[in-house]
Amino acid sequence: RADDAEKHKNSYFRLLSLFMLLLLKIEDDLIIHDKLKEEDTNGASPESQIVVLLSDIAQVMTAEEYQKRIENHTYDGTMSYIWISPQIGANDGYALCDMYDGSSDGFIVMPKNDDVQAEFLAMYLNTIPVRMMLTKKPNLETTAITIEMLNAVRVHIPLFEEQNACASLG
């Protein structure tokens, strides 16, 4: 019985920790959503952030195009990139990958330089407000996305130290 009580206690604390992390993620999503709303209403952005289009800071291409570049030795296939499914919905996320697996579906997003961390960008693209902007539907129904839609995503780039903090959470 003592072992059962200890297992129950450990499970409870793990569940409580996960709940706290979920609440922090929701709070972060709400903050981003409010900033996006604020920018839409007055055109201003917080002083500690720069707002740019995804196409300004990252290369967005189809997986087929990425595969061709590997075959032409433009890329070696070992660079970090974000893989995005051509269909997104409430249960879909974007994976940060280190090695290309040869899949021909979806899109590849690669930061153009070291000013933006791939880990931060993956975390940012996975936030609910950004996914809602892509689907243009409040309930995050599955919808097809295009390169044009991805290129038009506005990215709020915080200071590099904040990107590090965000990247360490992901």
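Numbers here are sequence positions counted from 1.
Taking 4.5 Å as the limit, every side-chain heavy atom of M149 sits out of range of all side-chain heavy atoms of V153. For the pair N151 and L53, the minimum side-chain heavy-atom distance is 4.5 Å or more. Side-chain contact between E65 and Q59 is absent, with no heavy atoms from C-beta onward closer than 4.5 Å. Annotation: side chain of D115 is not in contact with side chain of I57 (no heavy-atom distance under 4.5 Å).
For the atom pair N126 CG and L121 CG, the distance stands at 10.0 Å (nearest 0.5 Å). The line from CG of L54 to NZ of K112 is 9.0 Å long, rounded to the nearest 0.5 Å. We find the CG-CD1 distance between L159 and I50 to be 8.0 Å, quoted to the nearest 0.5 Å. A distance of 5.0 Å separates CD1 in I84 from CG in L125, rounded to the nearest 0.5 Å.
Under 4.0 Å is where a charged nitrogen must lie from a carboxylate oxygen, and between K68 and E64 no such pair does.
Scanning all heavy atoms of the two residues, the minimum distance from Y124 to V155 falls at CE2-CA, 3.7 Å. Closest approach of M110 to Y66, counting heavy atoms only: SD-CE1, 3.4 Å. Closest of all the heavy-atom pairs between V109 and A58 is CG1-CB, 3.7 Å.
With Q163 contributing its side chain and F120 its backbone, the two residues share no donor-acceptor pair below 3.5 Å.
Here D114 pairs with nothing under the side chain to side chain contact (heavy atoms under 4.5 Å, CB included) rule; sequence neighbours left out.
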